[in-house]
> 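Structure provided below as C-alpha cells; questions to follow.
Throughout, protein chains are lettered first and strands after them, A, B, ... in sequence-line order, and every chain is numbered starting at 1.
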Amino acid sequence: MKYLANVVSLELMAEKCTGCGRCVEVCPHGVFVLEDRRAAITDRDRCMECGACALNCAFGALQVNAGVGCAQAIIHSMIYGGEPTCDCSGPAQGPRSCC
Amino acid sequence: MRYTVRPGLYAVGLPTERSDVLVTANYKLSFDMVRRELKGLNVWLLVLDTKGINVWCAAGKKTFGTAELVCRIGSSGLAGRVTHRCIIVPQLGAPGIDAAAVQRETGFRVLYGPVEAKDIAAYIRMGYRKTDAMRTVHFRFRDRLVLTPMEVRPALRYYGYFALVVLVFFGVAPEGILFKQALQGAGPLLICGLAAVFAGAVLTPAALPVLPFRAFSLKGMVAGLLTMALVQWGTPLLHGVQGAMTGAVWLLCPAASSWFGLQFTGSTTYTNMSGVQRELQIGIRLYIGAVVVAALLIGIAKAQL
C-alpha cells in the first residue's frame, strides 16, 4: 500500500552522503538502497516522514519535515496551534532527564 | 491496572559481561513480549522510561529518545556490567534516537535491531544483520482489524450528538416535542448515520487495500457510497423515503464515511504528515459544504412532512 503521490518532504543531498548505510538500517519502509557506496531513494512515495533517517544521518545528508500522518493530530494543531503530535494517550512529556 | 514497568537494567537468563544489551520501552505489553521472545537467550535488557508508551509512539514523542537513553545508560551502571560497548535498539525507536550523539556521550555504539521482537533471536544469530522483511513495517488485514474498535468508538460518539440534534430538530413542533414525528422524520438520517459509522470505521480499515484511490478520504467516500447503495437497494430500510431526504442521506453518508476514513490515517503505519495535510486542505471545505447543503435539504424535508 502506498499513500499519496508526490507529497513527501524527504530530501537527500547525495554529495554529503558517505554511504554508511544508517538510513537503510532505520527506514521502516525500505525507501533507501545503497548504490555505488551512496544512498539512493528508491520510492519516495513510501516515506512516512517519521524522521528516523534524518535524525540518524551523522553527515546531514537527509532532510525531512518529520511528523505524524494523523488527521486528528493535524486538526488539533490547526485549531490549537503547535506541532501535530500523538497526544491521544496523554500530553507529551518531552525529553527530560532521568538522573 | 498499571501498564508500566520500572525503568532500568534487567537480566534475561544469565547474562555475562560479554552478553548483548537490548533496549526497550517500559510499556508492560512491549516488555513482556520482548522477554517472551528472548526466552533461551542470556542478554541484558535496558528499559527506558517512556511513561508506559510503546517504542514507536514514544520515539515519535522523543520520550524514547536520545536524552533518556543517555541518562539511563548512566544511571543503570551499564558500562560496569559489560565489557563491550554496543547496544541493540529496536529499529522503530530510531525516530527518537540520534545514534551518533549516544555514542559521543556514552561510548556505546547503537545498532538498530529488527522491527519486531520475534526476529531478535534470528537477528543476533545472523551476526546482527537484518533481512529486508525484518526492517519493514507491515500492515496486514489482522493488524487493521484489531484497530477498528478504536475507530468505531469515537465515531459512535459523533453519531450520538448527530442523532440527538436531528431527533430534536424533527420533534420540535408548535405543540411541543412530538416523539412520533421525531422518529419518523429523523429515521432515515439515523440509518444513514449508522451506515456511515460502519463504512468509515469498519469497512474502510478492513478493506483498505482493495478500496480504490490512495487518499483515505476518497477510500472512505467509496466505502460510504457502497454501503449506502446496499442500504438503499438491498434492504427495505429506506422504502418510502424520497425527495430532499434522499438527497440528504446520499450526501451525508459518504461525506461522514469519508471523514471517518480520514481519521484512520492516525492508526496506519504508512501515511505521512504532508499527505494528510493535503487531504485536509481540500477535504475540510468539502465536508463543510456537504454539511451546509445537507442541513438545507433536511430543512426542506421537514417542511415537506
> Considering all heavy atoms of both residues, which atom of B:Pro95 and which atom of A:Cys50 are nearest to each other, and what is their separation?
CB-O, 3.6 Å
> Locate the shortest heavy-atom distance separating B:Trp259 from A:Ile75; write the atom from each residue and the value.
CH2-CD1, 3.4 Å
> Measuring heavy-atom distances to chain A, does B:Val110 have an atom under 4.5 Å in its side chain, in its backbone, in both, or in neither?
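Both backbone and side chain.
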> Sort out for me which of A:Pro84, A:Cys27, A:Ala58, A:Gly51 touches chain B most, counting heavy-atom pairs under 4.5 Å.
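That would be A:Cys27.
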> For B:Arg135, is it the side chain, the backbone, both or neither that has a heavy atom under 4.5 Å from a heavy atom of chain A?
both
> As an exercise: rank B:Leu262, B:Ile284, B:Leu280, B:Leu111 by heavy-atom pairs under 4.5 Å with chain A and give me the winner.
B:Leu280
> Take atom CE of B:Met134 as the centre, draw a 6.0 Å sphere, and report whether it contains more than 12 heavy atoms from other residues, nucleotides or ligands.
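It does: B:Met134 CE has more than 12 such atoms within range.
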> For B:Arg129, look at atom CZ and say whether over 12 heavy atoms of other residues, nucleotides or ligands are found less than 6.0 Å away.
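Not buried by this count: 12 neighbours or fewer within 6.0 Å.
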> Between B:Gly275, B:Gly283, B:Ala215, B:Gly93, which shows the greatest number of heavy-atom pairs under 4.5 Å with chain A?
B:Gly275
> Which pair of non-hydrogen atoms, one from A:Asp45 and one from B:Arg214, has the smallest distance, and what is that distance?
OD2-NH1, 3.6 Å
> Under 4.5 Å, counting heavy-atom pairs only, tell me which of A:Asn6, A:Val24, A:Val26, A:Asn56 racks up the most with chain B.
A:Asn56
> Side chain, backbone, both or neither: which part of B:Asp98 has a non-hydrogen atom closer than 4.5 Å to chain A?
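Both parts, backbone and side chain.
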> Can you name the nearest heavy-atom pair linking B:Thr269 to A:Met48, along with the distance?
O-SD, 3.2 Å
> Let me know which of A:His29, A:Lys2, A:Arg46 forms a side-chain contact (heavy atoms from CB on, under 4.5 Å) with B:Tyr270.
A:His29
> Against chain B, label A:Ala54 side chain, backbone, both or neither, depending on which of its atoms sit under 4.5 Å from a heavy atom there.
neither
> Can you tell me which portion of B:Phe139 sits under 4.5 Å from chain A's heavy atoms? Options are side chain, backbone, both or neither.
both
> At what distance, to the nearest 0.5 angstrom, does CG of A:Asn65 lie from CD of B:Gln277?
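Reported value, rounded in 0.5 Å steps: 7.0 Å.
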> Taking A:Glu49 for the side chain and B:Ser274 for the main chain, is one N or O donor matched with an acceptor at less than 3.5 Å?
yes
> At a 4.5 Å cut-off on heavy atoms, which part of B:Leu48 comes close to chain A: side chain, backbone, both, or neither?
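Neither the backbone nor the side chain of B:Leu48 comes within 4.5 Å of chain A.
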> Heavy atoms only, distances under 4.5 angstrom: which of B:Ala101, B:Pro154, B:Gly65, B:Ala99 has the most pairs with chain A? Name it, please.
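Greatest number of close heavy-atom pairs with chain A: B:Ala99.
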> Shortest non-hydrogen contact from B:Asn272 to A:Tyr3?
N-CD2, 3.6 Å
> Is it the backbone or the side chain of A:Cys47 that comes under 4.5 Å from a heavy atom of chain B, or both, or neither?
backbone
> Looking at every heavy atom in both B:Met273 and A:Ala66, which two are closest together, and how far apart are they?
CE-O, 3.8 Å
